[in-house]
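These values consider heavy atoms only, across backbone and side chains, with no hydrogens, waters or symmetry-generated copies. Not measured: the values here are computed from a predicted model.
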Amino acid sequence: MASSSFVEIERFHLIPLLSVTCPCQRPLLSKNSLILNRKKLNFDLLLNGSKTAVPVHAKRATAKRWLITSVARAEADSVDEDSSKEEVKKDHISPAKEDSVSQLQQKASQLKKRIIFGLGIGISAGGIVLAGGWVFTVALAAVVLVGAREYFELVRSRGITAGMTPPPRYVSRVCSVICAFMPVLTLYFGQIDIPVTFAAFVVAMALLLQRGNPRFSQLSSTIFGLFYCGYLPCFWVKLRCGLAAPALNTRIGTTWPVLLGGQAHWTVGLVATLISMSSIIAADTYAFIGGKAFGRTLLTRISPKKTWEGTIVGLGGCIATSVVLSKFFSWPTSLLSAIAFGFLNFFGSIFGDLTESMIKRDAGVKDSGSLIPGHGGILDRSDSYIFTGALAYSFVKAFLPLYGV
């Protein structure tokens, strides 16, 4: 059998030369093992424990040396393969550890930025709310302008435009400017109904008379933008600056400097705004802590990070903050009114947060922007306040007799 000399011996693990006299004396064979039986320089190859032997004829003694060389080469290859596997394992383990360390460092850095910028924003917002008047209104108008631009950028994103036609870019920019002017008009006229209606009519006519093929999706997304980014934030101006009745029972007003307005500076609008915004901050903070500690049950598919456990903890923190501040400011005078005010603030906060999460989910983005390091865009930080201002103003104006004084 001439062809038997071309057997690829190197692929098998060769067992040292053995004299096999009968099948009962054959050793236990593992996979890829090979037995060499020498009789007068004739070798029988037994592959994988098979009973069929493949003879290899060798006329010279060099056949023995060639087989031994093959065994040595196979064992060396197996050693190299084992060492290479160990090196591969080490290579796989060390980058994983490095990635985990880098991720922890990145999360720590992001948390540090979040805390620093959050404190800065909170202190600045508190000073603006205390100032009131044009300072509060102009600051709110700037926030509305940036938030409106982020909203229309989300509407024009690929995730949303895959199922609808976005409004033209010039319409988006004009609507952003109109939204920014709405708080100013609210402070100047006291009402915003007529300007909003006129602006919605002009924008609708511009969309219907544009070149090409106007679509309903363009009209609906634009009108909702005027309502969401412009009309709703105006209620904060009506709450802070419109409710000018003095908070007579507020103790801090008696020691307030005359140069800063004296006791007359502390109005129902100022106290209601401070309690409402503080309750929203408490709701977000307690919901985050509660979700991290006890979160198990998903609240809604719109926002996968929100859980029922975190929501309940956030509701408790919001109501507790509202009650404590009502005792500090002596407004509202009724405990039941303070609890209801806290519940309403939480409801508006969670509803605004979920609305913005739905828009971002359809847009296919995580944040509405990157203006604030560690926080995302303006909409990401102000979404909880969009609906809450309207609810808080309506509650104080309609349901609290004498504005809760």
Can you measure from [atom1] ([X]) to [atom2] ([Y]) and round to the nearest 0.5 angstrom?
X	Y	atom1	atom2	answer
S349	M277	OG	CE	12.0 Å
W266	R251	CH2	CZ	14.0 Å
E150	C229	CD	SG	9.0 Å
L130	L260	CG	CG	9.0 Å
S384	I281	OG	CD1	10.0 Å
Y393	L243	OH	CG	6.0 Å

Taking atom [atom1] of [X] as the centre, does the number of heavy atoms from other residues, nucleotides or ligands within less than 6.0 Å exceed 12?
X	atom1	result
Y188	OH	no
L208	CG	yes
W308	CH2	no
F395	CZ	yes
I194	CD1	no
Y170	OH	yes

Under 3.5 Å: donor-acceptor pair, side chain of [X], backbone of [Y]:
X	Y	result
D380	G377	yes
K360	K366	yes
W236	Y385	yes
S322	C318	no
S276	T273	no
S394	L391	no
T307	G310	yes
S326	V323	yes
T250	F329	yes
S220	S217	yes

Please tell me if the side chains of [X] and [Y] come closer than 4.5 Å, counting only heavy atoms from C-beta onward.
X	Y	result
Y231	D193	yes
R240	T267	yes
L154	V365	yes
L354	S303	yes
V271	Y403	no
V155	S172	no
K306	I350	yes
L226	I178	yes

Mind listing the closest non-hydrogen atom pair of [X] and [Y] along with its distance?
X	Y	value
F294	E309	O-CG, 3.3 Å
G120	S124	O-OG, 2.9 Å
L270	H265	CD2-O, 3.7 Å
V184	A141	CG2-CB, 4.3 Å
P168	Q210	CG-OE1, 3.2 Å
S221	P167	OG-CD, 3.5 Å

**OP:** Would you please test L185 and V196 for side-chain contact (heavy atoms from CB on, under 4.5 Å) and show each step?
**Re:** CA-CA 10 Å; L185 296 175; V196 169; over 6 Å; no
Subject >> Parallel, tilted or perpendicular, as decided by the 30° and 60° cut-offs, for the rings of F224 and Y151 >> reply: tilted
Original post:
Do the side-chain N and O atoms of T388 and N345 include a donor-acceptor pair separated by under 3.5 angstrom?
Top reply: no
Original post:
M164 and Q218: side-chain contact (heavy atoms from CB on, under 4.5 Å), yes or no, with the steps?
Top reply: CA-CA 8 Å; M164 58 167 280; Q218 296 177 327; over 6 Å; no
Subject >> side-chain contact (heavy atoms from CB on, under 4.5 Å) between F152 and V171, worked out >> reply: CA-CA 10 Å; F152 284 106; V171 174; over 6 Å; no
**OP:** Check the pair I319, F346 against side-chain contact (heavy atoms from CB on, under 4.5 Å), reporting the backbone distance first and the verdict last.
**Re:** CA-CA 8 Å; I319 294 177; F346 178 79; over 6 Å; no
**OP:** Kindly write out the residues that satisfy side-chain contact (heavy atoms from CB on, under 4.5 Å) with R361, not counting sequence neighbours, or none if the list is empty.
**Re:** I302, M358
